Amino acid sequence: MSKSKPDLSRLSPQTRLVAAGRDYSEHGFVNPAVYHGSTVTFPNAAALREPTQKYVYGRRGTPTSRAVEEAVALVEGGYAAKVCPSGLAAISTALLSFLKSGDHLLMVDTVYHPARQFCDTLLKGLGIETTYYDPLIGRGIAQMIRPNTRMVYCESPGSQTMEVQDIPAIAEAARKAGCLVALDNTWSGGFYFNAFAHGCDISIQAGTKYLVGHSDAMMGTVTCSEAAWPEFRAGYEGMGQFAGPDDMYLMLRGIHTLDVRLDRHMQNAIHVAEWLRARPEVDTVLYPALSNAPGHEIWKRDFTGASGLFSVVLKPCAQIAADAFLDRLSLFGMGYSWGGFESLAIPFKPHRTATTWTAEGQGLRFHIGLESPQDLIEDLREGFAALKANA
Ligand SMILES: *Cc1c(COP(=O)(O)O)cnc(C)c1O
């Protein structure tokens, strides 16, 4: 007799992360194999004509890709998922799968900047029009929906400036008008915000960030509701999307520890953000997990946790002083991307067209890693000393 399989639908999210994708393991090994495969051979001519086997061609799926796709869908609480070689590839593949010439796209003004560029160049060239909207528009989105609006695209919290969107209000208005709602759910890891329970049809992540979680692989994910799935799947397969097996495996591996990593990122980030908020050099801390921070009420209503990414606006100071702050930090690397185990700090100037960013001081985006928050705070203290010395 074999041991029985757990019924995942009855288990808590933490337990599901541990079980995710394990159905594909063999020979008693805990983890599934990494299949490097293009060609799959068929046992005879009849089986080639009328395939009954599970796998027919590398790009159409391997045990490794199926395991990671199932794991992502389980994390997100969606019907099914596909993976792409980067987060941006996931965004572009989702947009191209659902939008056609003549369609109108409502895009949040705080979207990840390369996605904006994709809309303003490639989508525009295909005859797909994009209008940017205020992330805080809520149910007011209804007034912007046109007869040819096919999709409302959200990202919450917004890139760099961290506005928390009222997704249920937007989704209700979109649903009434027959539009799809897509969300870039990267900040929550798909784990602290259930896109589908809040009315979205499509949830996209840069798996590069928290799902992979170790700054070593690039991946993207698109998870869909049952209704949206067939159209997305056709687009994904038609565009020949897939990803490398080792990178898929790294993301599956990351998913098993997502809960503990995110929890520590959150605890550390709250600690560091509270400290930053009390500093005289800091004007505003933009981290919805902090009480009284912008977006806190909606975050508390809709999210079950916060990740380690937030922003800060410094009080106005000379460029050389802000640069000295960043240059002095030794535990905070300066680099794009985030979601790995290490802390990062990077300056930003948001690009907005539907809204105006009025803050006068330098914007800084922090990713708080898994280091001791005490050590991070000491490092930041040194940074502020350098800022002061250059003021
Ligand atoms: C990083 C990021 C992306 C793009 O992911 P890549 O894997 O770098 O292509 C998309 N959306 C958000 C919110 C991101 O932070």
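Ligands are counted one by one from 1 in listed order, and the atoms in each one are counted from 1 as well. Since this is a predicted model, take the numbers as computed values, not measurements.
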**Message:** For atom 12 (C) of ligand 1, what is the closest protein heavy atom, and at what distance to 0.1 Å?
**Reply:** D184 OD2, 3.4 Å
**Fill in**
For E155, the atoms of ligand 1 under 4.0 Å from one of its heavy atoms are 13 (C)
**Item:** Heavy atom of the protein closest to atom 8 (O) of ligand 1 (residue, atom name, distance)
**Value:** M218 CE, 3.4 Å
**Asked** For ligand 1, is any non-hydrogen atom under 4.0 Å from I204's backbone (N, CA, C, O), its side chain (CB onward), both, or neither?
**Response** neither
**Item:** Mode of Y336 contact toward ligand 1 - side chain, backbone, both, neither (heavy atoms, under 4.0 Å)
**Value:** neither
**Message:** For D379 and S330, which I'm curious about, is there any donor-acceptor pair between the side chains at under 3.5 Å?
**Reply:** yes
**Request:** Find all atoms of ligand 1 within a distance of less than 4.0 Å from any non-hydrogen atom belonging to W338, and give their numbers and elements.
**Result:** 15 (O)
**Prompt:** Can you tell me the protein heavy atom closest to atom 7 (O) of ligand 1 and the distance?
**Reply:** T208 OG1, 2.5 Å
**Message:** Among W187, F191, W338, Y192, exactly one meets side-chain contact (heavy atoms from CB on, under 4.5 Å) together with Y210. Which residue is that?
**Reply:** W338
**Request:** Determine whether the side chains of N268 and E371 contain a donor N or O and an acceptor N or O closer than 3.5 Å.
**Result:** no
**Prompt:** Can you tell me if CZ on R301 sees more than 12 non-hydrogen neighbours from other groups inside 6.0 Å?
**Reply:** yes
**Prompt:** With a cut-off of under 6.0 Å to the ring centre and 45° to the axis, is R60 in cation-pi contact with Y55?
**Reply:** no
**Asked** T62 side chain to T64 main-chain N or O, any donor-acceptor pair under 3.5 Å?
**Response** yes
**Item:** atom 6 (P) of ligand 1: the protein heavy-atom neighbour that sits closest, reported with distance to 0.1 Å
**Value:** G87 N, 3.3 Å
**Flag for H104-T131: side-chain donor and acceptor within less than 3.5 Å** = yes
**Sole candidate of D109, T110, D120 that passes side-chain hydrogen bond (donor to acceptor under 3.5 Å, both in side chains) when paired with Y132** = D120
**Request:** Provide, to 0.1 Å, the distance between atom 5 (O) of ligand 1 and the closest protein heavy atom, together with that atom's residue and name.
**Result:** A206 CB, 3.2 Å
**Request:** Answer yes or no: is there a donor N or O on one side and an acceptor on the other, between the side chain of E26 and the main chain of A33, under 3.5 Å?
**Result:** no
**Request:** Considering the heavy atoms of I91, write down every atom of ligand 1 situated less than 4.0 Å from one of them.
**Result:** 10 (C)
**Prompt:** What residue and atom, counting heavy atoms only, is the protein's closest point to atom 9 (O) of ligand 1, and at what distance?
**Reply:** L88 N, 2.8 Å
**Over 12 foreign heavy atoms within 6.0 Å of OH, Y35** = no
**Request:** May I ask whether W187 places a heavy atom under 4.0 Å from ligand 1?
**Result:** no
**Prompt:** If you count the atoms of ligand 1 from 1 in the order shown, which ones are under 4.0 Å from a heavy atom of S86?
**Reply:** 7 (O), 9 (O)
**Message:** Please list the nearest protein heavy atom to atom 10 (C) of ligand 1 with its residue and the distance rounded to 0.1 Å.
**Reply:** Y112 CD2, 3.4 Å
**Message:** What protein heavy atom lies closest to atom 1 (C) of ligand 1? Include the residue and the distance to one decimal.
**Reply:** K209 NZ, 1.5 Å
